[in-house]
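Heads up: the structure comes next, in C-alpha cells.
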Amino acid sequence: MNIRKLNDITTEIGFRLLTSGAEIHRVEDTICRIAAAYGARADVFAIPASLVVTITDREGHTFTQTRRVYHSDSNLARVDALNTLARQICAEKPGEEEILERLQQIGRLARYSLRQQLAAAALGAGAFALLFGGSWAEALAALTTGIAVRFAATSIERIDGGVTLSNIIGGAICVLGASLWSLFLQTLVVDTVIISVLMLLVPGLLMTNSMRDLIAGDLVTGVMKSTEALLVAASVAFGVMCSLTLWRWLMMGVA
C-alpha cells in the first residue's frame with residue numbers, strides 16, 4: 001500500500017475513533033500501530049477538535065493530512081468495531097479495498113433509536129431515585145421527567161441547538177418536572193427526583209476521559225475535556241437555577 005493510501009486509511013480510522021468518543025491515547029496508538037504494520041512510521045497529533053497525521057515510509061517520503069472535528073458523540077459500539085478492525089489490519093495486513101469495505105460497514109452501524117434513548121433515560125432516572133432512598137412515587141416522577149429531558153435533548157440535537165442550550169433546558173426540565181409532580185403527590189420528595197434526573201446530565205464519561213488523558217500525559221486534551229465538563233456542569237446548574245427561580249415566583253403568585 002502506498003503512502004498516500006495508507007495516510008488516508010489511518011486518518012479515517014483515527015477520525016472515526018475521535019468522533020465516536022475514544023480516548024486520545026487510543027486514537028494515536030491505533031494510527032501508529034496500523035502504520036507500523038505496513039512498514040511506515042506515523043507521527044500523530046490529536047486533540048478533541050483536530051487530528052493531524054503524518055506518515056513516513058521506508059524511503060523517507062512523507063505525507064501529512066489534517067482533519068477538523070466539528071462534532072463528536074459517545075458511540076462505544078463504533079469504537080469497539082473500529083478497534084476490532086485495527087487489530088485485524090495489524091494481524092492480516094489486508095488490501096485497501098477490504099479495509100474500505102469494512103469501514104463502510106462500520107459506518108452503517110445503527111445509532112440508538114429515540115425509543116431506546118427514552119427507555120434508557122427512564123430506567124436510569126427511576127433507578128437513581130430508588131438508589132437515593134426514594135419511594136416508588138419518586139421513581140415514577142423521575143422516570144417520566146427523565147423521558148422529557150432526553151426527548152428535549154434529542155430535539156435540540158436535530159436542530160443543531162448546541163450542547164450548552166441542551167443542558168440548560170435539560171436542567172430546567174428536571175426542576176419543572178419534579179415540581180409539577182409535587183402538585184399531584186403532596187408527599188413527594190422533590191429534591192430526590194431532581195437529583196435523580198440530573199444524574200442523566202452529569203458529564204461522567206467526559207470527566208473520566210479527561211482524567212485519563214491527564215494521567216497519560218496528554219495535557220492539552222485533558223485540560224480541554226475538563227473545561228468542557230465544567231461548562232456542561234455550569235450549563236445544567238444555570239438551567240436548574242432559572243427553573244427554581246421561576247417556579248418559586250409562580251408559587252408565590254398562586255399563594
Side-chain angles (χ1 to χ4, degrees), residues 18-24 47-50 68-76 111-112 114 116-118 120-129 131-132 138 141-182 190-214 218-251:
L18 193 59
T19 56
S20 298
E23 312 96 303
I24 294 299
I47 58 175
S50 181
R68 178 72 166 85
V69 179
Y70 293 99
H71 175 73
S72 63
D73 59 3
S74 297
N75 192 325
L76 299 184
R111 297 187 60 186
Y112 295 114
L114 177 60
Q116 290 174 318
Q117 294 181 48
L118 296 180
L123 179 61
F128 273 118
L131 181 65
F132 293 147
E138 282 78 24
L143 184 150
T144 54
T145 306
I147 292 176
V149 169
R150 183 64 254 176
F151 182 80
T154 303
S155 301
I156 294 173
E157 289 174 3
R158 290 178 176 175
I159 62 174
D160 294 328
V163 177
T164 301
L165 178 61
S166 176
N167 286 301
I168 290 175
I169 293 179
I173 293 176
C174 288
V175 175
L176 290 178
S179 301
L180 288 173
W181 268 103
S182 67
V190 177
D191 292 345
T192 300
V193 178
I194 294 175
I195 294 173
S196 301
V197 182
L198 282 178
M199 293 301 294
L200 301 177
L201 302 175
V202 172
L205 180 61
L206 195 59
M207 283 299 299
T208 301
N209 283 342
S210 69
M211 292 299 103
R212 188 189 187 285
D213 289 328
L214 288 172
D218 297 317
L219 301 182
V220 175
T221 300
V223 170
M224 290 179 66
K225 288 185 177 179
S226 298
T227 303
E228 184 180 355
L230 290 175
L231 288 175
V232 170
S235 300
V236 173
F238 179 75
V240 170
M241 180 188 67
C242 292
S243 187
L244 279 173
T245 303
L246 175 62
W247 182 259
R248 289 171 180 172
W249 179 77
L250 291 175
M251 289 298 97

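Quantities reported herein were computed from a predicted structural model and do not represent experimental measurements.
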Quiz item: Taking side chain as C-beta onward, heavy atoms only, is Leu231 less than 4.5 Å from Thr164?
Solution: no
Self-check item: Shortest non-hydrogen separation from Ala178 to Val190 and the atoms involved
Solution: CB-CG1, 3.8 Å
Exercise. For residues 224-233, pull every pair meeting salt bridge (charged side-chain N to carboxylate O under 4.0 Å, His left out), keeping only residues two or more places apart or in separate chains.
Key: Asp213-Lys225
Self-check item: From CD (Glu138) to CG (Asp191), nearest 0.5 Å
Solution: 10.5 Å
Exercise. Mind checking the CD1-CD1 spacing from Ile147 to Ile173? Nearest 0.5 Å is all I need.
Key: 12.5 Å
Quiz item: Does atom CZ of Phe238 have more than 12 heavy-atom neighbours from other groups under 6.0 Å away?
Solution: no
Quiz item: Under 4.5 Å between any side-chain heavy atoms of Trp181 and Thr145, yes or no?
Solution: yes
Practice problem: Please name the residue in the list Val240, Ile168, Leu230, Ile169 that meets the side chain to side chain contact (heavy atoms under 4.5 Å, CB included) test with Ser235. | Solution: Ile168
Quiz item: For Ala129 and Thr192, which heavy atoms make the closest approach, and how far apart are they?
Solution: O-CG2, 3.9 Å
Exercise. Identify the two heavy atoms, one from Gly146 and one from Ala121, that lie closest to each other, and give their separation to 0.1 Å.
Key: O-CB, 3.7 Å
Quiz item: Got a donor-acceptor contact below 3.5 angstrom from the Ser179 side chain to the Val175 backbone?
Solution: yes
Quiz item: Side chains of Leu131 and Phe128: closer than 4.5 Å at any heavy-atom pair?
Solution: yes
Quiz item: Phe151 versus Leu114: any side-chain heavy-atom pair under 4.5 Å?
Solution: yes
Quiz item: Side chains of Leu18 and Ile24: closer than 4.5 Å at any heavy-atom pair?
Solution: yes
Self-check item: Rounded distance (nearest 0.5 Å) linking atom OG1 of Thr245 with atom CG of Leu250
Solution: 11.0 Å
Quiz item: Measuring from Leu176:CG to Ile194:CD1, what's the distance to the nearest 0.5 Å?
Solution: 9.0 Å
Got a list of side-chain donor-acceptor pairs under 3.5 Å for residues 198-211, not counting sequence neighbours?
unit_1, atom_1, unit_2, atom_2, d
Thr208, OG1, Gly204, O, 2.9
Ser210, OG, Leu206, O, 3.4
Ser210, OG, Met207, O, 2.6
Ser210, OG, Ser226, OG, 3.4

